[in-house]
Amino acid sequence: MSVVAVLMLGFFAFLILRVSAPNMAPLYTGLSFDDSAAIVSELQSTGIPYELRGEGESILVPRDQITSIRMSLAQDGLPSGGQVGYEIFDQQSTLGATSFVQDVNLVRALEGELARTITSLARVRTARVHLVLPRRELFQRDAQNPTASIAVGVRGTLDAGEIRAIQHLVSSAVEGMSPNMVSIVDDTGRLLAAGGDNTETAMLAQGLEERTLALENRVRTRIEDLLANIVGAGRARVQVSAELDTVRSTRTSETFDPEGQVLRSAQTREQESSSADQVNGGTVTAGDQLPGSTGDANVSGSSDASTTTEETLNYEISSSTETLVNEAGDIKRLSVAVVVDGTYVQDNNGAATYEPRSDEELAQINALVRSAMGFDESRGDIVEVANMQFAERPEVTGLGTSSPGLFDFTRDDLMSAAQMAVTLLIALSLVLFVMRPLIKRVLEPETPMALAPTAKIADQSIQAEPVEPEVHVAPKPAGPPAWLDNAKNQGAEQVRTLETVGNLVQDHPKQAAVIVRDWLHEAA
């Protein structure tokens with residue numbers, strides 16, 4: 001009974017401690033040792049319980065205090081990600097600091113702030129930034145452009161768009177830096193972006209690659225969304241290959257229209273001329289020289305007159321000048337491949353039987369795909385629609401759920417439910433197999449034991465008054481009186497009876513107590 005009582009007390013003490021213990025949840029994960037040490041020191045100073053997991057990379061605190069603890073740590077600049085930001089100027093005194101120290105602190109602060117910003121991205125786990133900010137000397141004409149190198153630890157892989165985003169993020173924060181001057185390397189040593197290539201050709205090639213991927217993803221998503229409403233979600237696979245024109249050309253043409261004549265100016269000029277031949281006998285008289293004399297008294301000869309008309313007309317002929325610039329990146333050709341699963345029909349036994357789709361249905365799907373992709377036969381677009389059975393029949397899942405349902409349990413909920421179930425099972429086992437037999441044994445009435453004949457004799461000797469037993473004593477020779485022998489024998493018999501009763505009471509205390517209780521009730 002003592003062992004069982006101790007076990008029960010220990011079990012219920014464990015239950016009370018387990019129920020009263022706070023529900024721990026991760027405060028931060030993936031921490032560096034510096035951040036873990038600083039956060040643990042802050043939690044110890046405030047008396048907040050915590051747990052360390054994963055060799056100090058994760059810190060667990062009570063779930064109901066996570067928000068307040070994070071706000072308190074953010075006020076102190078924790079976690080810092082192992083980087084020093086602009087708070088370096090708050091921690092150090094600028095009195096007596098040289099310009100070199102100030103420049104170094106500025107670079108450190110800028111690197112730390114950029115690393116924190118990059119780490120805030122979803123797929124970036126850790127980041128380290130190194131900046132090279134050339135210092136322009138006096139009387140130096142040419143200035144060297146700043147560069148940056150970034151080492152990131154990622155979750156999965158980064159696509160081209162995310163890499164370009166990091167490059168533009170860093171270049172925009174540093175004056176005079178170009179995005180192509182930012183080098184990015186992941187934690188496996190793979191080069192994600194090579195810096196130093198700032199030529200127009202490199203920028204154009206990178207832009208064309210991003211545009212190609214974006215076009216393929218856009219067309220694939222559009223077609224898959226269309227087919228999901230027809231054949232079902234996950235019942236169609238689409239692959240798009242886009243070929244873009246990488247040639248940038250400029251063409252200028254000038255066209256004249258002879259039918260579109262317009263009179264611009266007109267000029268007319270008329271000229272008259274006359275000439276005469278005179279004959280006077282070859283003499284000149286004094287009368288010819290007098291004023292008012294016509295001088296033709298004795299004149300004889302011939303005259304000539306002419307008129308000239310000149311007209312100049314200026315016409316403008318309509319003309320058009322066309323300059324056509326073909327930028328690189330135009331769609332040159334699209335190739336789309338679509339694989340559609342068939343239908344499944346339940347037979348009489350309840351088994352699903354695969355049936356291919358009809359040619360008419362495939363033709364309709366082909367027409368829809370052509371319309372969705374913007375099919376152009378003149379540029380050589382290709383569309384292939386095939387009906388094939390998938391290796392695994394896809395499961396149709398609900399789409400568009402905005403919040404978890406009633407039975408959408410998380411991992412923490414399942415672990416808590418399992419702990420409660422185990423605890424309840426142990427409690428029921430203790431109640432049914434330990435406490436229940438003990439209580440039943442204590443409460444059930446005691447039945448008197450059947451006593452041996454000697455016990456019956458003892459019982460009768462206790463209930464009735466002592467009766468002198470009949471003792472047959474063999475005749476003895478003359479000696480002590482007979483009454484003395486009888487008294488001795490009677491005393492010995494009573495001693496034996498008392499010894500028998502004592503032994504019975506010692507061996508069966510409960511039955512003896514029941515007999516005494518019965519005697520008390522009978523006497524009453």
Side-chain angles (χ1 to χ4, degrees), residues 121-124 152 154-169 179-180 182 184 186 188 190-194 197 199-249 325-342 357 361-392 394 396-397 399-400:
L121 300 178
R123 294 190 182 183
V124 179
V152 295
V154 297
R155 302 179 182 92
T157 57
L158 297 178
D159 55 21
E162 292 172 335
I163 296 173
R164 292 289 294 173
I166 295 176
Q167 287 182 314
H168 283 277
L169 175 67
N180 290 316
V182 179
I184 302 177
D186 63 1
T188 61
R190 186 165 58 95
L191 181 63
L192 302 180
D197 193 358
T199 60
E200 184 179 359
T201 304
M203 296 176 62
L204 181 60
Q206 192 170 7
L208 284 175
E209 183 180 359
E210 295 178 4
R211 184 172 180 179
T212 302
L213 293 176
L215 177 62
E216 291 176 351
N217 293 332
R218 184 171 65 252
V219 175
R220 182 176 64 251
T221 303
R222 185 184 304 170
I223 297 175
E224 286 181 349
D225 292 342
L226 177 64
L227 296 180
N229 297 324
I230 300 174
V231 300
R235 307 290 295 279
R237 297 290 184 269
V238 181
Q239 290 296 329
V240 180
S241 177
E243 183 178 352
L244 301 184
D245 190 2
T246 59
V247 178
R248 183 180 184 272
S249 60
V325 179
N326 292 325
E327 294 289 347
D330 292 340
I331 299 176
K332 191 174 181 180
R333 186 175 63 178
L334 284 178
S335 300
V336 179
V338 180
V339 181
V340 182
D341 195 8
R357 299 184 183 273
E361 189 174 1
L362 292 178
Q364 293 177 354
I365 294 175
N366 194 341
L368 292 174
V369 171
R370 288 170 178 262
S371 300
M373 64 173 286
F375 181 81
D376 189 357
E377 188 176 0
S378 61
R379 66 187 180 192
D381 292 350
I382 301 175
V383 177
E384 292 292 340
V385 179
N387 178 207
M388 301 179 67
Q389 184 178 6
F390 288 1
E392 295 181 0
V396 179
T397 58
L399 301 177

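Atoms considered below: every heavy atom in the structure, side chains included; atoms not considered: hydrogens, waters and symmetry mates. These numbers were taken from a predicted model, which means no experiment stands behind them.
Residues Val238 and Leu227 are in side-chain contact: their nearest non-hydrogen atoms beyond the backbone lie under 4.5 Å apart. A heavy-atom distance below 4.5 Å is not found between the side chains of Leu121 and Glu162. Using a 4.5 Å heavy-atom cutoff, the side chains of Leu158 and Asp186 are not in contact. Contact of the Ile331 side chain with the Asp245 side chain is not registered, since no non-hydrogen atoms from C-beta on lie closer than 4.5 Å. Counting heavy atoms from C-beta on, the side chains of Ile230 and Leu368 come closer than 4.5 Å.
A distance of 12.5 Å separates CD in Glu361 from CG in Asn366, rounded to the nearest 0.5 Å.
By the side-chain hydrogen bond (donor to acceptor under 3.5 Å, both in side chains) test, Arg333 pairs with Glu243, sequence neighbours left out. In terms of the salt bridge (charged side-chain N to carboxylate O under 4.0 Å, His left out) criterion, Arg222 has no residue partners (sequence neighbours excluded). Take Arg370 and apply the salt bridge (charged side-chain N to carboxylate O under 4.0 Å, His left out) test, not counting sequence neighbours, and it matches no residue. For Thr157, the side-chain contact (heavy atoms from CB on, under 4.5 Å) partners are Arg190, not counting sequence neighbours. Under the side-chain contact (heavy atoms from CB on, under 4.5 Å) criterion, Gln239 pairs with no residue, sequence neighbours left out.
Of all non-hydrogen atoms in Leu244 and Arg211, the two that sit nearest each other are CD1-CG, 4.1 Å. Listed here is the closest heavy atom pair of Thr212 and Ala242: CG2-O, 3.7 Å.
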request  = Show your working on side-chain contact (heavy atoms from CB on, under 4.5 Å) between Ile166 and Val182 and close with a plain yes or no.
outcome  = CA-CA 9 Å; Ile166 295 176; Val182 179; 5.6 Å; no
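Each of Asp225, Val219, Leu226 was scored for a side chain to side chain contact (heavy atoms under 4.5 Å, CB included) with Ile223, with one residue passing: Val219.
Proximity of a side-chain donor or acceptor of Arg155 to a complementary backbone N or O of Val124 within less than 3.5 Å is detected.
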Side chains of residues 380-390: which donor-acceptor partners sit under 3.5 Å, not counting sequence neighbours?
from   : atom 1 : to     : atom 2 : distance (Å)
Asp381 : OD1    : Leu334 : N      : 3.0
Asp381 : OD1    : Arg379 : NE     : 3.1
Asp381 : OD2    : Asp376 : N      : 2.9
Asp381 : OD2    : Arg379 : NE     : 2.7
Asp381 : OD2    : Arg379 : NH2    : 3.1
Asn387 : OD1    : Arg357 : N      : 2.6
Asn387 : ND2    : Val340 : O      : 2.8

